[in-house]
Structure formats: structure tokens, C-alpha cells
Amino acid sequence: MNTQLNTALNQQPSLPKQVKIVEVGPRDGLQNEKETISAEVKIELVDRLTKAGFVNIEAASFVSPKWVPQMATSTEVMAGIQRKAGVIYSALTPNMKGFEAALAAGADEVVIFSSASEAFAQKNINCSIAESIERFRDVAAAAKQHRIRLRGSISCAFGCPYQGEVTPEQVADVVKLMRDLGCDEIDIADTIGVGTPRHVQAVMQRVAQEFPIAQISGHFHDTYGQALANIYASMEVGVSIFHSSVAGLGGCPYAKGATGNVATEDVLFMMQGLGVDTCIDLNQVVDAGQFISQHLGRKAVSRAGNAIAAKRIA
Ligand SMILES: CC(C)(COP(=O)([O-])OP(=O)([O-])OC[C@H]1O[C@@H](n2cnc3c(N)ncnc32)[C@H](O)[C@@H]1OP(=O)([O-])[O-])[C@@H](O)C(=O)NCCC(=O)NCCSC(=O)C[C@@](C)(O)CC(=O)[O-]
């Protein structure tokens, strides 16, 4: 390597040596599918992901089946998966009814979810941000009582399909509320994928003033093709937890036109190239991505996944 390039590389901000990848495909990825997917298929997907080495898999969502019918099989899914010791299987819980179901199903982590945008909170959970926090108070207390991990997710942290602009200050305000509820981890979510790297860094740096950066995660949808760049930019400012979805599955029922999360295969390929450890077997994730894509009858939305799969056949 020439001296100039070497000096340039040495001046780069350092990246974390290891990151945690939370696989959200079985929940965020599948929740928007119109055709009902059987519990058996969902269970096989989760089991494949467990074998691939994820330490955290979002497997279920105990929300109203009238609002998100695809997640109505969550109890069966949680009962059918082969759990591996040490793996956290998470479930969304919008209220105490959801919490009770998650508790009965043996969720290791419950996820309360609100938004940095008032308009999106109304569309997604039918209440204001303040009302959602009040509703989560009991869920948070019950989670603590049962020693279940509590994660908070903040949608529309970089823009809202109904309200438009969202400021870093608005995101920080919700982070403070979730921190005060006792969240162990807080997700900064780009629901509609409009964030770009410098904007993402500004938001991450602002919220890190309110909550430890080691417990903040980046949840990026890839609607505008910015997700990998945003993950890289987040790592530059110290974020080391990222959400991704096998085969790039997904979309939010309450954010029309939003595509899936960044594909897990693409994230893993980038991390390998950067020498950032994930402890996850990319080949097994590619297999899981091909499995679920075949089941859904379409090609995976993962460039790395499809390229690796094609190379195997060639
Ligand atoms: C919050 C509510 C329930 C309010 O919905 P509501 O209609 O205001 O609530 P309600 O209390 O009046 O209940 C209505 C009906 O739902 C039932 N119900 C009530 N709660 C539950 C429950 N937990 N489990 C099962 N059933 C439930 C309840 O029993 C009742 O049934 P009925 O008496 O009419 O037969 C509703 O708005 C809801 O379920 N919303 C969930 C929407 C959702 O899941 N969105 C997708 C997930 S968020 C997301 O994807 C974003 C994220 C996290 O990935 C980050 C990002 O990318 O942005």
C-alpha cells in the first residue's frame, strides 16, 4: 500500500471491532405480507437464523390482529421455534395486552414503539406520542418486574410520510422519554429510508447526549438506497448495533411505499470487507434468504445474497 493511501486510511474515524446485528426479518420483514404465511414457515425461518448465529432475533409482534393480521400467529411461532441459549427472541408489545401475550409466549425482550412524528404515531398506534408513553409505563414496569429486557423503538427519526421533516431535537425528546421508562436499548428508525449519512450522524450524535451510544441501534429501511451508507456513517460516530432483514424483506403497513429494511446479507458482506466482526455465518443467512424468498415466490432483495447464491450455481 502506498504511503499516501496509508496516511489517508490512518486518518479515518475508527470503526467498532464488533457489531451486533439484530435480525428483524421474521417480524418487520413479514408483517406487511398480504398472503398469510404459515407459522411453520416463520418457525423454519427463525430456526435457520438462529443456526446462522444471530444473538437477537425479532420473532413476533403481539399487536392487534385487526391492525396487522400477518402477526396473528405470533404465539404459535414463539412456541414452535428451537431456542438457543443466549439468543434473545424479541416481540413487539404496544400495550399490556401485548405484554401479557409476550410474557406467556416466553419473549426474552419486549419492544415498545412510538415515533418522533406525532402524525405517524396516530396512524401506527392510534394515539399521540405522549399517550403512547403513558401506555408504555405499565409495560415497562411489568418488564422490569419479570426481568425481561425492554427495548424502545422510535419510528420516523429522519422523516415522516405524513408530517415531512423531523428534527434531531424531536428524536432526542422521545429518546429521553424512553430512557426514563428504563429502556435497555433504543432504536433510531428510518421508517421511510430518507436519511442520508451526515443527517444520520447528526441525529445519532444528538441522541447520544441523552442515552449511551453503546445501547443505541440504527434501524434503516432502504427505500432510497441509503441504508448501507447510513450504517457506515453511524459506525463512524460510535453506533455498534444495527437492525437488518434477511433478503431485505419488509415494509411498514403504515408507511405506504416504504420498502424493507436493509438486507442482512448486504450488511454482513460489508462488515466482512471492513473486518468488523458479527459472529454470523453469511452463507447460512444467504440460505435463509433464499428459503423465504422462494416461499414468497420472488427474488430476494439482497444484492450480496443473490450474487452469492448465483455464484454457487455457476
Ligand atoms: C396499539 C393498538 C392496539 C391500538 O389500537 P386501538 O384500536 O386504538 O386499540 P383498542 O384498545 O381500542 O383495541 C382495539 C381492538 O384490538 C384489540 N387489541 C388491542 N391491543 C391488542 C394486542 N396487543 N394484541 C391483540 N389484540 C389487541 C382489542 O382487544 C380490541 O379488540 P376488539 O374488542 O375490537 O375485538 C393498534 O394500533 C395496534 O395494534 N397497532 C400496531 C401497529 C403495528 O404493529 N405497526 C407495525 C409495527 S411498528 C413498525 O413496524 C416500525 C418499526 C418498529 O419497525 C420501526 C420502524 O421501522 O419505524
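Keep in mind it's a predicted model, so treat the numbers as computed, not measured. Just so you know, ligand 1 is whichever comes first in the structure, and atom 1 is the first atom listed for that ligand.
Remark: among candidates Ile154, Ile188, Asn124, the nearest residue to atom 48 (S) of ligand 1 is Asn124, based on non-hydrogen atoms. Proximity annotation for atom 51 (C) of ligand 1: of Ser155, Ser132, Gly29, Ser155 comes nearest, heavy atoms only. Closest to atom 37 (O) of ligand 1 by heavy atom, among Trp67, Phe62, Phe220, is Trp67. In this structure, of Lys97, Lys66, Lys123, the residue bringing a heavy atom nearest to atom 29 (O) of ligand 1 is Lys97.
Ion pair Arg135/Glu131 not flagged as a salt bridge, since none of the NZ, NE, NH1 or NH2 atoms sits closer than 4.0 Å to an Asp/Glu carboxylate oxygen.
At distances below 3.5 Å, at least one donor-acceptor pair connects side-chain atoms of Asn56 with backbone N or O atoms of Ile88. A donor-acceptor contact shorter than 3.5 Å links the side chain of Asp266 to the backbone of Ala304. Side chain of Asn230 to backbone of Ser234: no donor-acceptor contact under 3.5 angstrom is found.
Looking at Val63 next to ligand 1, an N or O pair under 3.5 Å apart turns up. Backbone and side-chain nitrogen or oxygen atoms of Asp190 are examined, and none is located within less than 3.5 angstrom of a nitrogen or oxygen of ligand 1. Not a single N or O atom of Arg135, backbone or side chain, sits closer than 3.5 Å to an N or O atom of ligand 1.
Atoms of ligand 1 found under 4.0 Å from any heavy atom of Ser153 (numbered from 1 in listed order, with element): 53 (C), 55 (C). In the vicinity of Gly98, heavy-atom distances shorter than 4.0 Å reach the ligand 1 atoms 23 (N). Remark: ligand 1 atoms within the under-4.0 Å shell around heavy atoms of Ala189 are 55 (C), 56 (C), 57 (O), 58 (O). Residue contact check: Asn126 has heavy atoms under 4.0 Å from atoms 6 (P), 7 (O), 8 (O) of ligand 1. In summary, the atoms of ligand 1 found under 4.0 Å from a heavy atom of Pro65, numbered by their order in the structure, are 25 (C), 26 (N). Interface of Leu92 with ligand 1, defined as ligand atoms under 4.0 Å from a residue heavy atom, comprises 47 (C). Ligand 1 places these atoms under 4.0 Å from at least one heavy atom of Asn95: 3 (C), 19 (C), 20 (N), 21 (C), 22 (C), 23 (N). Interface atoms of ligand 1 facing Pro94, defined by a heavy-atom separation under 4.0 Å, are 1 (C), 23 (N).
At a heavy-atom distance under 4.0 Å, only side-chain atoms of Arg27, from C-beta outward, approach ligand 1. Residue contacts with ligand 1, taken as heavy atom pairs separated by less than 4.0 Å, involve Ser64 via backbone and side-chain atoms alike. Neither the backbone nor the side chain of Glu131 comes within 4.0 Å of ligand 1, counting heavy atoms alone.
In the model, Lys42 has a side-chain atom that pairs as donor or acceptor with a side-chain atom of Thr73 under 3.5 Å. Under 3.5 Å, the side chains of Ser244 and Thr264 contain a donor-acceptor pair of N or O atoms.
Grouping Ile, Leu, Val, Met, Phe, Trp and Tyr by side-chain contacts under 4.5 Å, direct or through others, puts Val24 with Val22, Ile241.
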Q | Candidate pair Thr196 and Tyr224, rule side-chain hydrogen bond (donor to acceptor under 3.5 Å, both in side chains), full reasoning | A | CA-CA 9 Å; Thr196 49; Tyr224 290 85; over 6 Å; no
Q: Apply side chain to side chain contact (heavy atoms under 4.5 Å, CB included) to His221 and His243, showing your working.
A: CA-CA 9 Å; His221 286 258; His243 294 189; over 6 Å; no
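Within a 6.0 Å sphere centred on NZ of Lys20, other residues, nucleotides and ligands contribute more than 12 heavy atoms.
Ring planes of His199 and Phe158: perpendicular class, angle over 60° (limits at 30 and 60°).
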